[in-house]
Amino acid sequence: MAASVLRYENWRPLLYNDALLKTENRKLKTVLMDIPKTYDPKQAEQHIYARWEEQGCFAPEINHDPEAPIYSIVIPPPNVTGSLHMGHALQHTLMDVLTRHKRMCGYRTLWLPGMDHAGISTQLMVSRELKKEGLTRHDLGREKFVERVWQWKHESGGQILKQMRREGASVDWSRERFTMDEGLSRAVREVFVRLYEDGLIYRGDRIVNWCPTDQTVLSDLEVEKTPQAGKLYYLQYPLKTTNGEDRRITVATTRPETMLGDTAVAVNPGDERYRELVGVTISLPLTGREIPVIADEYVDAEFGTGAVKITPAHDPNDWEMGVRHALPQVFVIDQHARMTEDAGKDFFGLDRYKARELVVEKFEALGLLEKVVDYEFSISKCERCKTVIEPLISTQWFCRMDELRDRALRLMETEGKPRFTPEVPYRKVYTDWLENLRDWTISRQLWWGHQIPAWYTSEGKVFVARSVEEARAAAGTEELTQDPDVLDTWFSSWLWPFSTLGWPDETEDLKTFYPTSVLVTARDIIFLWVSRMVMSGMKFIGATPFHDVFITGTVLDKHGQRMSKTKLNGIDPMDVFEKYGVDATRLVLASVGSTDTRWNDNQVESYRNFANKIWNAARFCLMNSEGAKVSPDAFQTAAELPLHDRWILSRLNKTARDVDEALKSYSFHEAVQTLYHFFWDDFCDWYIELTKADVTAEESSPIRNAARSRLVTVLEQALRLLHPFMPYITEELWQRLPGVDEKLLHPAYTGAQPTIMLAAYPQRDAGLIDERAESEMNAVIDLISRVRNIRSELSVKPGDRVRVLVGANDEKLRDVFAANTDQIARLARASEINIHERLDAPRASARAVLAGGAEVAVPLEGLIDFAQERERLAREREKLQKEAAKLEAQLANPQFSERAPVEKVQETRERLADIAQRTSALQQMAEALK
RNA sequence: AGGCACGUAUGUCAAUGGUAGACGGCCACCCUUACAAGGUGGAGGUUGGGGGUUCGAAUCCCUCCGUGCCUACCA
């Protein structure tokens, strides 16, 4: 029976139809007792998401308030090849928290999902599949290959989107985008043409990072540098002398094979050792070529021998020097990293590393190898396939960045946009990088991607156009060949915030949701992506693409290492969901926020326990919910409300206030802490316990039902506060509360099916924050805690009742205790509470001092060891005296009272006075024991 | 090499220059009718070392040690 009751679709009408609510069905409690004692996250995770999706809760259209403020986020598009890792889970959690929060606040909310076509990764992935069939992409040809990639995408791409559903990500699937969609491709072509027409895109010969495996150029940002233990070879080059004298110049190199392409040796112009050699000719060994010695400031006289071999065709720095000195370029290495014909017949066709060995061998044979030393240097590798990069000269397309860069920098300077969180250090990181920006190599020698919209005539004349038709018209001929290269993947990603909204058309979405509210992303793509989006946004829309940028921390493994596929130290978020539930995992991730954090299962476990605590608190409320109803009126009888009710209202409103402020400043950790403590400490530990007496009464009565209604009403508010962080459990429970209906929805969503995700997020009501209730409640809590403390220290059996004697000078305090004797007696397990102005307790009592100077005694004839008890009191006094000493020293310092703010001095005096009072009370108690 | 962070309880992390906290773990006692994934109570810190500024420093400055990240170059 219980199992069917718990089904989402049918349990609510079954339990809470009006008839049941009216008739006080006795069976209700029995049925509800069958709610399991532990929360099973999987059950909720299975059905709830689909329901939200079916009802269209994620789309901004659900909000029908024309005046609603706008909140929008575009997802950093994950690679189509990717599957969910911790970094995604972290970002998605934060974006979902923000989105759900704003949605519940009545904003018209859009969180737009989508994917990136990920040029190199995807092409590699499909090529690898082909390899299994014994094919290469060249066997298929370009068209068939691209078709095959699309097929792969449809069949197995986008795993991550399914996983996002499990995460509870409230993205609008109706607006899902892919960077290779027709719409986005059109935006890419439009941007390319406009930049070309503005003279910002050009084609030219440059030395570039070439990946010999992937057969494509890579941008600097796609290259990773790794330290490498290698060798430094000292090669001697004979100088051409008129008198036939054997003179040599020694150069040091890590890549001897490139000497075959040397066209000069450079020295620093200020270097005395070589001054007279500048201009002298060298006969380059193994080649028979003659090359000059030149002088250039770039050369560091301190390093190596102070003389550098120059290979303009195969080294970026040498290339630049070659340009400065008009040196010839000799190509000795080809695109497959093999030696060319120009390297000489001994080397032609050799792999670069084989060639290196052979060069060294030959130098040694010639007696020109001076020495070889061990040397550690960093080597450039392809980020994707880890092949060592070969710098090569080739014709590529470039984008000039100066103008774009300047606008982005000005935006930061004048408006402080985008606003980075954490501002330190990312604002500086961002601007520093922009200031040193170089031109962007945008062409890639791949097949998968946006083919460059440039066409060539048979004479090689180029026409850049939005379409082949446009190009033909411009060229006046049908005989055009399109540039075979595709654009860097980032050339579509950098348009993401507006291309996804329909640009270049002036769509409603673009007008409504651009600029987006915030970008949540990882720090390693601040340059690759964030800065470029700002530049494109400024250029093409004239406005920043996002107001805020939140940079997440990194989830590390337990040794503080980055999680990575190669290290196999990654933790799969899906496994964690499976083990602890999505909601618990989300709390951990929300707590991570912007700090680097080592992953720790204990943390998830503790939040799993928290979810269970919520479950059981709700279970208790439901078991005692006959005659109760969630209602804003539950607290309307304000004047007569008991202390604990006024107190929980105050706590609730402070919590709403604090969570709101925390989220405003992206302090996710603080928001989680606030909610955790409110729910567990305030609501469970105290409120439920304090209201239990009324709520669990056997017989129905107006008092009982009112107390029950207040209880479920507070619970309902708490669930709403928790919802953005823990969407599943809150929905699961919310649906079961009595009296939950469409009236609880935010006004912007009236008419929608009742769901907590469209309920109004609790806003602080300053009028309900009640400092007096809080301080009175604190006094009661303090008293109960002290009695519990005494019981524990003196090993009083839990079942034994004790007498509690209270002495308080303050009449108001006595009134507070008097008004709550039943509560105190119940929670402290006391048989009676006697409150007097002065404490008058039997000698055989355990005593304690409360905050505010009240005293409490628990008579324990036979249990008290007088000496031990005196010692206990002495220890406590000692603690206080230590603190008092510190405060006294502070006050004794004349500088303190002179320079510290008046309130601080006053506060210190009060604290000291309080301590003095408590100390003397403890003293008297000790006396009483003699 | 330069730059930027970080270093707090046994672990993971908090703390506008003003009483150093939370969670987990640990110890003791309790299956008290929402919850043992729980309850009650408790132990545990010269905030990496040293110096300085200040009435007052985990917080600001200097320095050393350790860790991480970024950028550039390394012929």
Side-chain angles (χ1 to χ4, degrees), chain A residues 32-33 35 37-39 220 225 232-233 251-255 258 265-266 298-300 303-311 315 317-318 375-378 422 424-426 428-429 432-433 436 523-524 526-527 554 556 558 560-562 580 584 588 591-593 595-624 667 669-670 672-673 676-677 680 684-685 688-689 692 696 785 788-793 795-799 829 883 886-887 890-891 893-901 903-905 907-908 911 915:
Chain A
L32 287 164
M33 287 286 273
I35 296 175
K37 279 186 170 186
T38 47
Y39 170 54
D220 288 345
K225 308 264 169 82
L232 193 57
Y233 301 86
V251 296
T253 179
T254 53
R255 301 196 58 194
T258 61
V265 167
Y298 163 79
V299 179
D300 176 5
F303 190 88
T305 61
V308 193
K309 58 188 274 314
I310 302 298
T311 322
D315 180 280
N317 295 310
D318 294 4
Y375 181 64
E376 177 152 330
F377 60 107
S378 67
V424 178
Y426 299 117
K428 193 167 149 38
V429 165
D432 282 0
W433 185 79
N436 298 308
R523 66 173 145 253
D524 48 353
I526 292 178
F527 308 139
T554 311
L556 307 166
K558 65 178 172 188
Q561 298 287 311
R562 251 190 141 74
Y580 298 104
V588 175
S591 303
V592 168
T595 1
D596 288 0
T597 305
R598 299 181 187 205
W599 186 263
N600 187 342
D601 265 9
N602 289 337
Q603 205 70 29
V604 204
E605 200 176 323
S606 114
Y607 285 126
R608 188 269 317 263
N609 295 352
F610 179 53
N612 199 47
K613 188 74 181 178
I614 297 171
W615 181 260
N616 278 293
R619 184 165 173 265
F620 171 80
C621 297
L622 287 170
M623 281 168 62
N624 297 285
S667 308
H669 180 269
E670 208 179 309
V672 171
Q673 290 298 309
Y676 184 95
H677 290 296
W680 202 310
C684 293
D685 286 356
I688 289 185
E689 294 306 328
K692 223 171 209 174
T696 57
S785 301
R788 282 174 173 171
N789 178 319
I790 287 169
R791 296 180 60 114
S792 174
E793 291 207 358
S795 307
V796 177
K797 287 205 186 77
R829 301 196 152 250
E883 207 184 326
K886 256 161 73 180
L887 296 175
Q890 203 171 12
L891 285 168
N893 185 342
Q895 307 266 39
F896 176 66
S897 34
E898 268 169 46
R899 303 199 189 178
E903 324 71 91
K904 268 301 158 217
V905 179
E907 196 185 302
T908 310
R911 266 172 53 208
I915 289 172

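A note on names: the letters A, B, ... follow the listed sequences, proteins ahead of strands, and every chain is numbered from 1. The structure displayed is predicted, hence computed values, not measured ones.
- Nearest to the side chain of Ala900(A), among G18(B), C30(B), C69(B), sits G18(B).
- Checking A75(B), A34(B), G42(B) against the side-chain heavy atoms of Tyr375(A) singles out A75(B) as nearest.
- Contact annotation: side chain of Lys613(A) to base of C35(B), donor-acceptor pair present below 3.5 Å.
- Contact annotation: the side chain of Thr554(A) never approaches that of Val592(A) to less than 4.5 Å [non-hydrogen atoms, C-beta and beyond].
- Here, A22(B) and G45(B) have their P atoms 15 Å apart, quoted to the whole Å.
- Of the two residues near RNA chain B, Arg829(A) and Gly306(A), the one whose nearest nucleotide lies more 5' is Arg829(A).
- Protein atom CD1 of Ile790(A) is 23 Å distant from nucleotide atom P of A28(B), rounded to whole Å.
- Relative orientation of the Tyr676(A) and Phe610(A) rings is tilted, given thresholds of 30° and 60° on the angle between their planes.
- Here the NE2 atom belonging to His677(A) is positioned 11.0 Å from the CG atom belonging to Asp685(A), to the nearest 0.5 angstrom.
- Across the protein-nucleic acid pair, Asn612(A) atom CG and C35(B) atom C1' stand 6 Å apart, rounded to whole Å.
- Separating the CZ atom in Arg598(A) from the CD atom in Gln561(A) is a distance of 9.0 Å, to the nearest 0.5 Å.
- The separation between Lys692(A) atom NZ and U32(B) atom P is 12 Å, rounded to whole Å.
- Within 4.0 Å (heavy atoms only), Arg788(A) reaches sugar-phosphate atoms of the nucleic acid but no base atom.
- With P as the reference atom, G49(B) and U10(B) are 13 Å apart, rounded to whole Å.
- Side-chain atoms of Lys428(A) and Pro425(A), non-hydrogen and from C-beta on, never get closer than 4.5 Å to each other.
- Ranking C13(B), A75(B), U40(B) by closeness to the Asp685(A) side chain, first place goes to U40(B).
- Salt-bridge check for Asp315(A) with Lys309(A): failed, with every basic side-chain N at 4.0 Å or more from each acidic carboxylate O.
- Leu232(A) comes within contact range of the sugar-phosphate backbone alone, with a heavy-atom separation under 4.0 Å but no base atom that close.
- Separating the CG atom in Asp318(A) from the OG1 atom in Thr311(A) is a distance of 5.0 Å, to the nearest 0.5 Å.
- Remark: Arg608(A) is not in phosphate contact with A37(B), judged by side-chain N or O atoms under 4.0 Å from OP1 or OP2.
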Dot-bracket assigned to RNA chain B with the 3.5 Å Watson-Crick/G-U criterion, [ ] for crossing and | for other-strand pairs, is (((((((...(((....[..)))..(((((.......))))).....(((((..]....))))))))))))....
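- Straight-line distance between the C1' atoms of A75(B) and C69(B): roughly 27 Å, to the nearest whole Å.
- Judged by distance alone, with hydrogens and angles left aside, the side-chain atoms of Ser792(A) form no donor-acceptor pair with the main-chain N or O of Asn789(A) at under 3.5 Å.
- For Phe620(A), taking side-chain heavy atoms from C-beta onward, the closest of the listed nucleotides A34(B), G41(B), G18(B) is A34(B).
- Heavy atoms of Asp300(A) sit under 4.0 angstrom from at least one base atom.
- For Leu622(A) and U33(B), the CG to P distance is 20 Å, given to the nearest whole Å.
- For the C1' atoms, the distance from C29(B) to G21(B) is 26 Å, rounded to whole Å.
- In the interface, the side chain of Glu793(A) is not paired with the base of A28(B) through any donor and acceptor atom under 3.5 Å apart.
- Checked by atom type and distance alone, the side chain of Arg791(A) pairs as donor or acceptor with a backbone atom of Arg829(A) at under 3.5 Å.
- Here the C1' atom of nucleotide A72(B) and the CZ atom of Phe527(A) are 12 Å apart, to the nearest Å.
- Rounding to whole angstrom units, CG of residue Leu891(A) and C1' of U19(B) are separated by 13 Å.
- The nucleotide whose nearest atom lies closest to any side-chain atom of Arg911(A) is, among G18(B), U19(B), A37(B), U19(B).
- Here Val429(A) lies out of heavy-atom contact (under 4.0 Å) with every strand.
- Here the side chains of Val905(A) and Phe896(A) are in contact, with some heavy-atom distance below 4.5 Å.
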Using a cut-off of 4.0 Å between protein heavy atoms and nucleotide atoms, how would you tag nucleotides 20-25 of chain B 5' to 3' with B, S and -? --SSS-
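- Side-chain atoms of Ile526(A) and Tyr426(A), non-hydrogen and from C-beta on, do get closer than 4.5 Å to each other.
- The gap from the C1' atom of A9(B) to that of A5(B) amounts to 24 Å, rounded to the nearest Å.
- Across all strands shown, Cys684(A) has heavy atoms under 4.0 Å from base atoms, whether or not it also approaches the sugar-phosphate.
- Across C23(B) and G41(B), the matching P atoms stand 12 Å from one another, rounded to whole Å.
- Contact annotation: the side chain of Tyr580(A) never approaches that of Val588(A) to less than 4.5 Å [non-hydrogen atoms, C-beta and beyond].
- Here, A36(B) and A20(B) have their P atoms 37 Å apart, quoted to the whole Å.
- Distance CD1 (Ile614(A)) to P (A37(B)): 17 Å, rounded to an integer number of Å.
- Between Pro425(A) and Thr595(A), the one whose closest nucleotide on RNA chain B sits nearer the 5' end is Pro425(A).
- Taking the side chain of Glu689(A) as heavy atoms from C-beta on, and the options G41(B), A75(B), C35(B), the nearest nucleotide is C35(B).
- Atom NZ of Lys37(A) is separated from atom P of A37(B) by 11 Å (rounded to the nearest Å).
- Within 4.0 Å (heavy atoms only), Pro901(A) reaches at least one base atom of the nucleic acid.
- Among the heavy atoms of the strands, none lies under 4.0 Å from Ser591(A).
- The separation of C65(B) from A28(B), taken at their C1' atoms, amounts to 40 Å, rounded to a whole angstrom.
- Among the atoms of the strands shown, base atoms are found under 4.0 Å from some heavy atom of Glu883(A).
- With respect to the salt-bridge test (charged N to carboxylate O, under 4.0 angstrom), the residues Glu883(A) and Lys886(A) do not qualify.
- Residue Asn789(A) has its side chain nearest to G41(B) when only A36(B), G41(B), A75(B) are considered.
- Using a 4.0 Å heavy-atom cutoff across all strands shown, Gln890(A) reaches at least one base atom of the nucleic acid.
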